[in-house]
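For reference, the structure discussed in these notes is given below.
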Amino acid sequence: MQDIVKNFNYKKILSDKRALVILGIVISIIGIIVAVTDPVRFQILITSVSEGSFYALAALGIGLLFGVLRLINFAYGDWVMLAGYALILPSTAVTSTLIIGSFHPVLIVLIIIGFTVLLSVLSESTVFRPMRNTNPAIMMIASFALGYVLQNLTIMIYGGRPKSAGIFEELTQTVDLAEGVSVPLLKIITIGVTAVLLILLTLFLHRTRIGIQMRAAAEDFRMARMLGVRANFVIAMAFVISGFLASFVSLMYVTQIGILTFRMGTPIIVFAFIATVIGGMGSLVGSVVGGMVVGVSSVVLKNILPGSIRGFSDAFVFGIVIAILLARPQGLVPAKSARERV
Amino acid sequence: MDKVLLHVEGITVHYGRLAAVRDVSITVNEGEIVCVVGPNGAGKSTTLLSISGVLNPSSGNIVFSGEKINGIRPEIVARKGISQVPEGRHVFTTLSVEENLRIGAQIRKDRAEIEKDIKRVQELFPILGERRRQSAGKLSGGEQQMLVIGRALLTKPKIMTIDEPSLGLAPNIVDRVYEVLTTLREERGMTLLIVEQSSERALKAADRLYVIRNGEIQIEGKASELQDGEKIRQAYFGFNDEKNTVAEASS
């Protein structure tokens, strides 16, 4: 017994892939068992998984571009922000007027997807394409610059004051799932939409020619090109998908908050970026896992910490992040290319 | 007279200010196996990467089927019919064996032919058929070498360039690789440009060979004329050449 205690090494467990998967499953099962015994805890479970799904989607949008292009895209949060502003009338007036946001829900979703994909593709062709052969640090700085430009354009067109934008307001109403368990419909929809998008993305990456080319390019871009994979096309596709994901992140966020500010993208990108780092830069599974870890721990901590320190729950989230990175600097599910690049 | 397929005309390639190869010329005729032999750092890989469009020569030309191709992007070069098997194999480890093969075929439009060619590659290397659903990272080094040769074949190239097919493989597997390469030429008339460190291997496989050292071609000739090996050794190591011996000793 003493030997086991002496030999217990948390770094060893975290560095072994199989042990890590088992650990993840065990934590999830304990979490579910603890949750189903009590309605309040069950509510926390739903809310935290929903928050995790949200960050998983956001992290995927960043992780995908990093995988293909080695670009850490900090302008991603500002795509999300602009997609929100696209719902309202462009004016600096104090009260906002919904334009696209007042259309039929299906139309809203389609237009916002189109808008964000276009924004993403335009960012690629005007900013990132000319910089593609520079190093990743320069591209990252360019993404900061793009973000600032987008934020200041927003201030110019819409003014700097927060604006209200209530869309899908019926989704913020709560529904009773069971005796004493009532959660906003939006939380459940967030989980559902994320699940559907993840399945679609997986099918796309594994079953289509373009998807397989993208995976090949993410692992070894030069080799893929030497086999005739078109660099411009694959990169453009990555931006299309990243923009597509950003539109859903934006719709979910705006529905939840109902208020637009030109800085609203910043907290999203910070958490999503952290999620991709602890998940393993460039690994898509890692992005999802990282998003879940960040989202779930953030909600759970907000609920279980004693009231006096509850306001500092983010500090505890970052504490968990630091602990994970100390034990696994390569991330929880590292990408192949990051390890094997010579 | 032989028909020239690929002609590298006096290329010089720089990494920054350093010239990795200087005024290198190589000719490959249709249906030939040509080997480029030389020690580590001689400029062999640089030459191949330039042919594939990954590197851009600062001077000189690369002419393929009568068309100048230097300065063209690698994906276009591949589409013109030059397929490279680079050093270190570069299988896509996260893709399955079959997906790796299909990546090779994705530039082609002839769907029915593609399926036939995949079958043919799987007959040539049965292991690729048996393990087609496994991820390519799980294959052994020798099997990975087979996979990348098969993948390159599926682009339906006019010429294959292969960078050190023997790197890191057991001698009996290297024998098998060369056996396959010669079969390709015999049965399909494939043109091959092979880079190799071992001059013995090269002499056995090649019709003609070039010896490159310090970024410059030292000698070239028919394999049959270079069989005694003494000339190659001199060119390869630079012995019996006072100037180079001094340079070698001081470096």
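Proteins get letters first, then strands, A, B, ... in listed order; numbering begins at 1 in each. Everything quoted here is computed from the prediction, not taken from an experiment.
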Point to revise | Top contributor to chain A interface from B/Ile76, B/Thr155, B/Ile103, B/Leu154 [non-hydrogen pairs under 4.5 Å] | key: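 The candidate making the most pairs under 4.5 Å is B/Ile103.
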Exercise for review: Search all heavy atoms of A/Gly228 against all heavy atoms of B/Ala78 and return the closest pair with its distance.
Suggested key: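 The pair with the smallest heavy-atom distance is N-CB, 3.5 Å.
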[X] versus [Y]: any side-chain heavy-atom pair under 4.5 Å?
| X | Y | result |
| --- | --- | --- |
| A/Arg222 | B/Pro74 | no |
| A/Arg209 | B/Arg102 | no |
| A/Met223 | B/Phe92 | yes |
| A/Leu227 | B/Ile107 | no |

**Study point:** Distance in Å, A/Arg215 CZ paired with B/Leu95 CG, rounded so as to fall on 0.5 Å steps
**Key:** 4.0 Å
Practice item. Starting at NE2 of B/His90, measure out to CD of A/Glu219 and round the result to the nearest 0.5 Å. Key: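 Reported to 0.5 Å precision, the distance equals 10.5 Å.
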Exercise for review: Start with the C-alpha gap between A/Met226 and B/Val54, add the side-chain angles, then the distance that decides, and say whether side-chain contact (heavy atoms from CB on, under 4.5 Å) holds.
Suggested key: CA-CA 8 Å; A/Met226 283 203 276; B/Val54 174; 3.9 Å; yes
Practice item. Run the numbers on B/Gln106 and A/Ile212 for side-chain contact (heavy atoms from CB on, under 4.5 Å), then give the verdict. Key: CA-CA 10 Å; B/Gln106 53 84 27; A/Ile212 295 172; over 6 Å; no
Practice item. Below 4.5 Å from any heavy atom of chain B, which atoms of A/Arg230 appear? Answer side chain, backbone, both or neither. Key: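 Its backbone and side chain both get close to chain B.
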